[in-house]
Amino acid sequence: MNYGGVTMSGFAFKLLDVDLSAGSTEFRTIEREAIPRFVGGSGLAAWLLWKEGPTDPDPLAPEAHLLFLTGPLTGTPATSSGRHGVAGRSPLTGFWGEANVGGTWGTSLRKAGVDGIRVSGRAKRPVYLWIAGDRCEIREASHVWGADTFHTQTIIQRETHPKASVSCVGPAGEKGVRIACVMTDGPHGRAAGRCGLGAVMGSKNLKAIAVYGERRIPVARRQDLLRDIREMMTSFRERTAALRRAGTSGLVLPQEELGSFPIRNYAQDRWPEGARKISWPAIEQALFIRNYRCSGCAIGCGRTVGLGAGNDPKAGLTGGPEYETLALLGANLLIDDLRAIQRMNEVCNRLGMDVMEAGSLVGFAMEAFERGLLPADIAGGLEPRWGDGETALEILRQMGESRGLGAFLGQGYLRVLGALHPDAADAAMHVKGLGLPAHDPRAYNSVALGYATSNRGACHLQGFTHVFERVVTEPALGLEEIGDRFGTDKARMVADLQDLMAIYDSLTICKFNLFGGVKLPRLANWFEMITGIPMDPSDLKLSGERIFNIKRLLNLRWGVTPEMDNLPKRMLTVAKNGGPSRGNVPPLDEMLKDYYIARGWDSSGGPDAQTRARLGL
Amino acid sequence: MEKLITVTVSLFPPFSRAVAGEEIAVSLLEGSTMHDLLRQMGKNNRQLATRLKDPGGEEEIRFRMLIIHNGHLGRLDRVLREGDCIKLLQPLQGG
C-alpha cells in the first residue's frame with residue numbers, strides 16, 4: 001500500500017500470540033495494510049477473527065480466540081485514550097462479543113511495546129501472563145485461583161512489579177459464568193463488562209494478564225498533536241465539567257425526567273422519589289470520597305466511594321456505581337438504598353461479573369417470581385421481590401460462585417428462557433441474548449433501532465445515538481441539530497453513528513470525548529498525526545462502516561438472522577402511560593426496512609455484493 | 001399595561017441545594033423566552049448565573065444545563081406560555 005512515501009507510526013506492530021495448550025508465546029507482526037482499513041482495537045480484533053479465527057468455535061472451548069487490543073490512540077496525548085478492547089465470540093449470545101474498558105492496562109501494554117494479545121488453547125493448570133518489555137512469561141496461578149479481582153491484583157503486583165497493570169477474572173470467570181467480565185485495575189473496578197468474555201478467559205485457565213512498560217508510545221507528529229490538544233482543552237474542560245464531578249451518576253435524575261429510566265424491569269413509568277435517593281447529589285452526601293481518572297484522561301469521570309468500616313469512613317475504598325449500575329441494580333429492581341446498590345456493585349466487581357447483565361437478570365427474576373413463573377426448585381428457597389436488596393445481593397453472590405438461583409440466572413437469557421414457561425419470555429429484556437442497557441428504547445426511536453441491530457446485542461454504546469438527540473452534534477455526518485427523539489427517520493443516522501462508534505472502539509478512545517467537542521474530522525486528524533498516514537474524515541468513516549460490517553459478517557457466520565434484529569415484545573407493544581415518553585412505541589419494522597437499505601444489506605441480513613465490493617470485504 | 005404569565009420551575013441540584021429539588025412559581029412578561037426566564041432567575045441563583053455567562057448559543061448551553069420544557073428538551077429562544085412547566089437539571093453527559 002502506498003502511503004506517499006511515509007513510514008507508518010503509531011504502533012509497535014506487535015501482536016503477542018499465546019497458545020496456552022502448547023505453553024508457547026510468540027510475537028507476530030501486525031500487517032501495516034490492515035491499519036487504515038480496520039484502524040486497531042475492536043476493528044482489528046474483528047478482522048483477525050474473520051481472517052484467522054476458527055470458523056465456528058464453542059466460545060468456551062480451547063480453540064476459541066480471545067483478543068486484547070489497543071488502538072493507535074491508546075496511551076498517546078489524545079484526550080481520554082487510556083483504553084483497550086477485549087473481543088471474541090460471546091459465550092452469552094453466541095455472537096460477536098466485545099467490551100471496551102479504561103483504566104491503565106491498555107496504556108501499560110503499549111508502553112511495554114506490545115499492541116495486542118491473542119490467546120488460544122487451555123492451560124493444564126491456572127496461569128497468568130506477565131509481560132514486561134519484550135518478555136512474556138506464562139506463570140503458575142494456582143495460588144490466586146479463587147481470589148477475587150481486587151486481591152488478585154494485589155498478589156500479582158507483589159510478584160511482578162508494584163506498578164504492573166493487571167487485567168483478570170474473578171471466581172465468576174473461573175467457573176464459566178456466562179455473564180463474567182474481565183476486570184482491570186483492582187479496587188478501581190474498571191470492567192470490560194459485556195458479553196461474558198471473562199468466561200472465555202477463565203475457560204482457558206488464564207487468571208490474569210499483568211503488564212508493565214516504560215517505553216514511549218510512537219507518535220509521528222507529536223508536537224502537532226500536542227498543539228491541537230492544547231487549543232481545544234479550555235473548551236473541552238468547560239464542556240465536560242459536570243461529567244468530571246458527578247460522572248455518569250449525574251444521569252439518574254435527567255433520565256428519569258425524560259422517561260428513559262428502566263424502572264421495575266421497564267414496566268413502571270415514573271419513580272422520581274427513588275431516583276432522587278440514588279442520584280448524584282445523594283451519592284455525594286452518602287458515599288463519595290474522591291474522583292478517579294483513567295490513564296491520561298482529561299475528564300476523570302470515575303468516583304471512588306467508601307462504605308466505611310468501623311470508625312473509618314475512608315476504609316475499603318472502591319470504584320463507585322456508574323449510571324448503568326444505579327439504574328439496573330437500583331431502579332430496575334426498585335431498590336432505592338444507595339449503600340445496598342454499592343454493596344451489589346462491589347460484589348459484582350470482586351467476583352468479576354457484568355453489573356448490567358446481572359441487574360437485568362435479577363429484574364427478570366423478580367418479575368418472573370411475582371408472576372409465578374419462577375419454579376420453587378429453581379428459586380432454591382429465595383423469594384426475589386421488588387426492592388429487596390438483601391435477596392438481590394444473595395443472588396449476585398450465587399451468580400459469581402455458580403450456585404443456586406444465581407447459577408441458573410448467570411447462564412444468561414438464552415439458556416434461562418429455555419428452562420422456563422414460554423410466558424417468561426415477556427419479562428426477558430434482551431436482544432440476541434444481551435440484556436437491555438438502562439436507556440428505555442421507547443424514549444428514543446434511534447436507540448430502539450440501535451439495540452435491534454448492534455452487533456453485540458442490546459447495546460447503547462455501539463450507536464450512542466441518544467446523545468445526538470439531547471446534547472451533541474456531528475456536522476460531518478449531517479447531524480447539525482439535535483434530532484427529534486420520537487422521529488421515525490432514523491436509519492441513516494443510526495447506521496452512520498454505529499460506524500462512528502466503531503471508529504471510537506477501534507482507535508480505542510473514550511466516547512466521552514464527544515462531550516468535550518471532539519468530532520469526526522478531529523479524530524481523522526489525530527489518526528494522521530499519530531500514524532503519519534493521511535486520513536480523510538470520509539475515509540475514516542468508511543473504515544468504521546467496514547468494521548461494523550465485518551462484525552456483522554462474523555455474526556452471520558455464527559447464525560444471526562434478520563428475525564433476530566428485534567426488541568423485547570414489551571418495547572414494541574406497551575407504551576408508557578406517564579412521563580414525557582408516554583404513548584411512544586418505536587416503529588421498528590418500518591425503521592428496519594430503511595436501515596437495511598441505508599446499510600446496503602440484502603434479505604440475508606448482511607451486506608450485498610455491491611456493498612461488500614465497496615468496502616473491500 | 002403589559003400582561004404577566006406564570007410558569008412553574010422545578011430546580012434540581014446543582015441549581016437547588018435541596019437534594020430532592022424544589023418547585024417555584026415565576027411570573028414574567030407575556031412574550032418572554034426561556035432565556036429571559038433563566039436570566040431573571042439567575043439574579044437570585046448563582047449556579048444558574050454562572051452557566052448563563054456568555055451562553056454561546058443553544059449548543060453551548062446544553063453542555064451547562066438540561067432544560068426540560070413541558071417534557072421536551074428546552075430551547076433558549078422558545079417563547080413561554082401561561083402554565084408551562086420547566087425543569088432545570090445538570091447537563092446530560094455520559095452513557
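Chain naming here is simple, since letters A, B, ... match the order of the sequence lines and numbering starts at 1 in each.
Nearest heavy atom pair, residue A:Ala246 against residue B:Gln90, reads CB-NE2, 3.7 Å. Taking each heavy atom of A:Arg470 and B:Arg62 in turn, the nearest pair found is O-CD, 3.2 Å. In plain terms, the two heavy atoms of A:Phe515 and B:Phe63 that are nearest each other are O-CE2, 3.0 Å. In terms of heavy atoms, A:Ala242 sits closest to B:Pro91 at CB-CG, 3.6 Å. Taking all atoms of both residues into account, the shortest heavy-atom contact from A:Pro254 to B:Leu66 is CB-CD2, 3.4 Å.
Residue A:Glu322: no heavy atom, backbone or side chain, is found under 4.5 Å from chain B. Heavy atoms closer than 4.5 Å to chain A are found nowhere in B:Arg17, neither backbone nor side chain. Contacts of B:Leu92 with chain A are made by both backbone and side-chain atoms, with heavy-atom separations under 4.5 Å. Contacts between A:Glu324 and chain B at a heavy-atom distance below 4.5 Å involve the side chain alone, from C-beta outward. Using a 4.5 Å cut-off between heavy atoms, A:Ile299 does not touch chain B at all. For A:Arg245, no part lies under 4.5 angstrom from a heavy atom of chain B. For A:Glu481, the part lying under 4.5 angstrom from a heavy atom of chain B is the side chain only. In this structure, chain B has a heavy atom under 4.5 Å from the side chain of A:Val467, while its backbone stays farther away.
Summarising the geometry, atom CG belonging to B:Leu73 is positioned 6.5 Å from atom CZ belonging to A:Arg485; distances are rounded to the nearest 0.5 Å.
No other option in A:Glu273, A:Lys277, A:His460, A:Glu284 has as many heavy-atom pairs under 4.5 Å with chain B as A:His460.
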